[in-house]
A.B. asks: 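Got a structure for you, questions after.
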Protein chains: 2
Amino acid sequence: MQIGQLGRALGVPVETIRYYEREGLLPRAERSTSNYRVYGEAHADRLRFIVNCRALDMTLDEVRSLLDYHDAPSKDCTRVNELLDEHIAQVATRIAELHRLEGQLQRLRKACRRGKASGHCGILRSLRQRPAAPK
Amino acid sequence: MQIGQLGRALGVPVETIRYYEREGLLPRAERSTSNYRVYGEAHADRLRFIVNCRALDMTLDEVRSLLDYHDAPSKDCTRVNELLDEHIAQVATRIAELHRLEGQLQRLRKACRRGKASGHCGILRSLRQRPAAPK
DNA sequence: TGGACACCCTGAAGTGGCTTCAGGGTCAAG
DNA sequence: CTTGACCCTGAAGCCACTTCAGGGTGTCCA
């Protein structure tokens, strides 16, 4: 299998696959006589692992850690559980932040109706103001 | 007022202020005899505008657009309203994504209890699998 | 007078996770 | 024998900063 096929199979741009190889997430692929990368099922499995992690918004460093366990099946997996817990906590935190933001934006949005002169736009006026001290 | 004071007043690192100047978001500051940047209230107002926008997670390009209206008080502000609507929609989309992610992560988390050998860890096993076709 | 220390300056490089670009080689079909 | 799809490399670009290296300035205290 060459790189384009692998990419299409897993929905990953070929540049990204090459990037993962440079970063050491994927082992260097063997090469055909014409210097094309050649992949087998093992590569596809590993790439799928990475892609799944990325779909869950993990950083490449987190993926690297998880791959270490993937590669050492006899190692205790406690750290894997912890890593996931931390990641879930991060996502929850970000959701909370974005909810707060959404509220602020909606309040800001109500400060104006379209069609005014910018000098009297309530949105722009609010953006100029000192932020209200959050109680 | 010099750059450190301005930064402390608005809670912005001095490097960020210099960066905004380089990017053209802030006008070039006048200089003291010792080549230190000198700021007045107008600068502080403009920087506060930028900081408020960034706190709402707007990109610097969005901020640039809004500053155009800030600088042209007679211009119609319809586009300001639209810009905000678009930004709110983006935030809402991201929240929805993260919620979906959170659910997936929690399901994944249940696949294992800590203390197993990685080879039998349900989390790692799930990460190796082909993603279920979303209905 | 001198030295410690906080502040300021510049330009360049690093961050993450790719993406894009420039400039080329390979290979099968028509 | 040319067209087009594919592959290769190394470097630069993206965003919004942050960090670093290497230096100047200004004030306080001894």
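In what follows, chains are A, B, ... by sequence order, proteins preceding strands, each numbered from 1.
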A.B. asks: Can you tell me which nucleotide in D:dC8, C:dC9, D:dC7 comes closest to the side chain of A:R31?
C.D. replies: D:dC8
A.B. asks: Any side-chain to backbone donor/acceptor pair from A:S118 onto B:K75? Under 3.5 Å, distance only.
C.D. replies: yes
A.B. asks: Look at B:R22 together with B:E15 and state whether they make a salt bridge at an N to O cut-off of under 4.0 Å.
C.D. replies: no
A.B. asks: Any donor-acceptor pair under 3.5 Å between the side chain of A:Y36 and the base of C:dG25?
C.D. replies: yes
A.B. asks: Across the strands shown, which category fits B:E23 at heavy-atom distances under 4.0 angstrom: base, sugar-phosphate, nothing?
C.D. replies: nothing
A.B. asks: Need to verify one output field. Residue with the more 5' nearest nucleotide on DNA chain D, B:R64 or B:S32?
C.D. replies: B:R64
A.B. asks: Rounded to the Å, how far apart are A:L6 CG and D:dC6 P?
C.D. replies: 15 Å
A.B. asks: In whole angstroms, how far is the C1' atom of D:dA5 from the CD1 atom of A:I3?
C.D. replies: 15 Å
A.B. asks: Taking only N and O in the side chain of B:Y19, is any of them less than 4.0 Å away from OP1 or OP2 of D:dC15?
C.D. replies: no
A.B. asks: Name the nucleic acid region contacted by B:T59, choosing base, sugar-phosphate or nothing; use a 4.0 angstrom heavy-atom cut-off, strictly under.
C.D. replies: sugar-phosphate
A.B. asks: Starting at the 5' end of DNA chain C, which residue's closest nucleotide do you reach first, A:T16 or A:T33?
C.D. replies: A:T16
A.B. asks: Looking only at heavy atoms, what is the nearest atom pair of A:C53 and A:L66, with distance?
C.D. replies: SG-CD1, 3.9 Å
A.B. asks: What's the closest nucleotide to the B:R37 side chain, out of D:dC7, D:dT25, C:dT10?
C.D. replies: C:dT10
A.B. asks: Quickly work out the A:N35 CG to C:dG25 P distance and round it to whole Å.
C.D. replies: 13 Å
A.B. asks: Could you tell me whether A:R18 contacts a base, only the sugar-phosphate backbone, or nothing, with contacts defined as non-hydrogen atoms closer than 4.0 Å?
C.D. replies: base
A.B. asks: Does A:R48 use its side chain to pair, donor to acceptor, with the backbone of B:R128 at less than 3.5 Å?
C.D. replies: yes
A.B. asks: For the side chain of B:E15, starting at C-beta, report the closest nucleotide among D:dT25, C:dT26, D:dT18.
C.D. replies: D:dT18
A.B. asks: Looking at A:Y20, I'd like to know whether one of its side-chain N or O atoms comes within less than 4.0 Å of OP1 or OP2 on C:dG17.
C.D. replies: no
A.B. asks: In whole Å, I'd like the distance from the CE atom of A:M58 to the C1' atom of C:dG16.
C.D. replies: 17 Å
A.B. asks: Find which nucleotide of DNA chain D each of A:R22 and A:V38 is nearest to by heavy atoms, and output the residue with the more 5' nucleotide.
C.D. replies: A:V38
A.B. asks: Can you tell me the distance, in whole Å, between the CD atom of A:E21 and the C1' atom of D:dC8?
C.D. replies: 12 Å
A.B. asks: Is the phosphate of D:dC17 approached by B:R54 (side-chain N or O, under 4.0 Å from OP1 or OP2)?
C.D. replies: yes
A.B. asks: To the nearest Å, give me how far apart CD (B:Q2) and C1' (D:dT25) are.
C.D. replies: 10 Å
A.B. asks: Could you tell me how far apart B:Q5 (CD) and D:dT27 (P) are, to the nearest whole angstrom?
C.D. replies: 12 Å
A.B. asks: Specify the separation, in whole Å, of atom CE of A:M1 and atom C1' of D:dC6.
C.D. replies: 16 Å
A.B. asks: Report yes or no: do B:T59 and B:D61 form a side-chain donor-acceptor pair below 3.5 Å?
C.D. replies: no
A.B. asks: To the closest 0.5 Å, what do you measure between CD (A:Q2) and CZ (A:R37)?
C.D. replies: 11.5 Å
